[in-house]
Amino acid sequence: MNPLHIETPLFESQALSIQAGRSVWLKLEALQPPGSFKIRGIGFACQEYARLGATRFISSSGGNAGIAVAYAGRYLAIPVVVVVPETTTERAKNLIQQEGAEIIVHGSSWQEANALAVSMVRESDAFLHPFDHPFIWQGHATMIDEIAHSGMKPDAIVLSVGGGGLLSGVVEGLHRNNWKDIPVIAVETDGADSFAKSVLAGHRIELPAITSLATSLGARQICERAFNWSKEHPIHNVVVSDRVAVSACERFVIDQRIVVEPACGAALAAAYEKVAEIEIFRSILIIVCGGAATSIEQLRQWSNIKI
Ligand SMILES: *Cc1c(COP(=O)(O)O)cnc(C)c1O
């Protein structure tokens with residue numbers, strides 16, 4: 001069966017290389033049809049569940065994971081229900097509905113929406129977790145396969161971290177391509193930094209609340225697989241401010257003519273701000289994870305208010 005994701009462009013960005021003072025390569029996951037890398041893991045998981053006989057997909061993500069499940073369901077001709085909290089933006093709801101999925105709005109927070117979604121799961125349904133499942137990591141790992149096949153080998157990989165599904169998939173991909181020696185620079189925003197705080201504490205902490213506007217990074221606790229990778233693979237944690245993440249998005253629009261969410265701007269900020277953690281590397285590769293939830297108007301509003 002063909003995968004549901006597409007092979008994305010990989011190239012060296014002259015604009016970002018000049019900013020960062022070293023070679024900066026981009027893996028453009030923002031160009032996946034549903035707008036983010038999420039379709040790699042979610043698409044793989046949906047195909048596996050379909051093969052196992054699932055007749056309905058259920059998700060509780062009002063963000064890029066929900067959009068990816070809706071997209072996968074449309075391609076596989078399997079109905080999708082996405083339960084989202086009242087706080088979900090019209091834009092996100094429209095994107096999910098546009099893929100033909102049913103939306104149920106329930107509760108004031110994700111916890112309540114998720115509880116309803118889980119309670120709806122019947123025997124022939126599949127529940128799609130946004131980041132914490134081996135299928136998700138296996139699907140995300142395909143982006144590293146593509147990089148390895150291209151013939152270029154970066155000195156380090158830069159990515160952003162929410163619940164840690166992307167990180168777990170990328171590290172899995174590095175290991176399955178015999179690239180155990182390539183370090184990962186894991187970037188979060190201040191107020192969504194559950195990974196950096198867990199590494200510092202030596203155990204998985206739970207943030208009391210998410211206070212960053214990078215909502216796609218808003219997992220209060222990192223998945224166990226990602227935390228364990230921090231002990232088995234060279235990973236450097238970086239935390240940037242919302243302001244710096246939004247500014248990176250604006251600069252990326254000018255440099256590469258692509259709109260991404262602050263969740264992705266966080267990773268781009270490692271190059272734009274030339275963070276100390278990249279200084280020892282001659283070449284870095286940034287996973288441009290993308291995100292469909294941000295419009296150019298929204299970026300403009302964020303940069304006009306003091307954050
Ligand atoms: C989901 C998402 C992330 C974070 O991925 P995790 O697997 O939760 O760590 C980062 N950026 C974007 C655009 C996302 O949609």
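Each ligand, and each atom within it, is numbered from 1 in the order the structure gives. Sequence positions, counted from 1, serve as the residue numbers for this chain. Bear in mind that the values here come from a model prediction, so they are computed numbers and not experimental data. Values reported hereafter were calculated over all heavy atoms of this structure, with side chains retained and with hydrogens, waters and symmetry mates removed.
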Self-check item: 4.5 Å side-chain heavy-atom contact, Asp242 and Asp190
Solution: no
Point to revise | Glu297/Arg91 ion pair, N-O < 4.0 Å | key: no
Between Glu172 and Arg225 (salt bridge meaning N to carboxylate O under 4.0 Å), is one present in this structure? no
Applied to residues 247-263, the salt bridge (charged side-chain N to carboxylate O under 4.0 Å, His left out) test, sequence neighbours excluded, yields Arg251-Glu273
**Message:** Pair Gln256, Val288 - check side-chain contact (heavy atoms from CB on, under 4.5 Å), show working.
**Reply:** CA-CA 11 Å; Gln256 301 297 155; Val288 185; over 6 Å; no
(message) Tell me whether Lys180 is salt-bridged to Glu232, with the criterion being a basic N under 4.0 Å from an acidic carboxylate O.
(response) no
Those residues with a heavy-atom separation under 4.0 Å from ligand 1 are Phe37, Lys38, Asn64, Phe131, Ser160, Val161, Gly162, Gly163, Gly164, Gly165, Leu166, Ser216, Leu217, Ala263, Cys289, Gly290, Gly291
